[in-house]
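Notes for the one structure printed next.
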Amino acid sequence: QKEVEQDPGPLSVPEGAIVSLNCTYSNSAFQYFMWYRQYSRKGPELLMYTYSSGNKEDGRFTAQVDKSSKYISLFIRDSQPSDSATYLCAMSFGAQKLVFGQGTRLTINP
Amino acid sequence: SAVISQKPSRDICQRGTSLTIQCQVDSQVTMMFWYRQQPGQSLTLIATANQGSEATYESGFVIDKFPISRPNLTFSTLTVSNMSPEDSSIYLCSVSGTGLLNTEAFFGQGTRLTVV
């Protein structure tokens, strides 16, 4: 079993839809949870960063962490074609070494 | 956030040769990391590069194959040695220690390596 599981997709939705991306994990010691966005032929770009359980909102993006269920989510509201990318969840124990999910390839159709 | 420059951005290499990838950061950082991203796969940590000490390698990666240098707090190199087609991948440099909680990680653009 992988430490971090993420549905690789691909996921295709119409413009304006709400997108939900999810990851599950097995190690309860993870404390820091991140979402990265990676455009084609680019390096990952940090999108959201959450410590421990709870919600965090930044514009159209909301990150949720449920440590009791070992489940994290990223919601994108009013999705735009420019949101089309691969989204990677990542987590760490605080030692700055990240464990990544497989990444979900998302396409927003105009 | 840190600005990370990686060189080369891409290369095509003959099997049996070696390639050295450079990573330059615009500020001093405590830790630098090297990741591999194989086609259609997620990122796998190769090693952690600390200034003034030997790199720490993850399971499945060895120093003879992926020697790393970290001469100062803004620069690191990763060498992919004696390459085979299985080494074709994207190699990414990452830094942390620049965020408020000292755990945020930022990435360079990556080096796309093709071994023929």
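Keep in mind that this is a model prediction, so the values were computed, not measured. Letters A, B, ... are given to chains in the order of the sequence lines, protein chains preceding strands, and every chain is numbered from 1.
- More than 12 non-hydrogen atoms from other residues, nucleotides or ligands lie less than 6.0 angstrom from CD of E15(A).
- No continuous path of hydrophobic side-chain contacts links L98(A) to W34(B) [ILVMFWY only; heavy atoms under 4.5 Å].
- Residues L88(A) and L43(B) are in side-chain contact: their nearest non-hydrogen atoms beyond the backbone lie under 4.5 Å apart.
- Interface remark: E58(B) contributes side-chain atoms only to the contact with chain A (heavy atom separation under 4.5 Å).
- If you chain together hydrophobic residues whose side chains sit under 4.5 Å apart, L45(B) and I63(B) never meet in one group.
- Transitive grouping of hydrophobic side chains (ILVMFWY, heavy atoms separated by less than 4.5 Å) brings Y57(B) and I21(B) into a common cluster.
- Separating the OH atom in Y36(A) from the OG atom in S42(B) is a distance of 11.5 Å, to the nearest 0.5 Å.
- Residue pairs meeting the disulfide (SG to SG under 2.5 Å) criterion with at least one partner in residues 13-50 of chain A, sequence neighbours excluded, are C23(A)-C89(A).
- The contact list for residues 37-48 of chain A toward chain B, using heavy atoms and a distance under 4.5 Å, reads Q38(A), R41(A), K42(A), G43(A), P44(A), L46(A) by residue number.
- Hydrophobic clustering (side-chain heavy atoms under 4.5 Å, transitive across Ile, Leu, Val, Met, Phe, Trp, Tyr) keeps I46(B) apart from M32(B).
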Just distance, no hydrogens or angles: give the donor-acceptor pairs under 3.5 Å from side chains in residues 52-59 of chain A, sequence neighbours left out.
from, atom 1, to, atom 2, distance (Å)
S53(A), OG, K67(A), N, 3.1
K56(A), NZ, Y49(A), O, 2.8
E57(A), OE2, R77(A), NH2, 3.4

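- If you chain together hydrophobic residues whose side chains sit under 4.5 Å apart, Y32(A) and M31(B) fall into the same group.
- Applying a 4.5 Å heavy-atom cutoff, the residues of residues 108-116 of chain B that approach chain A are G108(B), Q109(B), R112(B).
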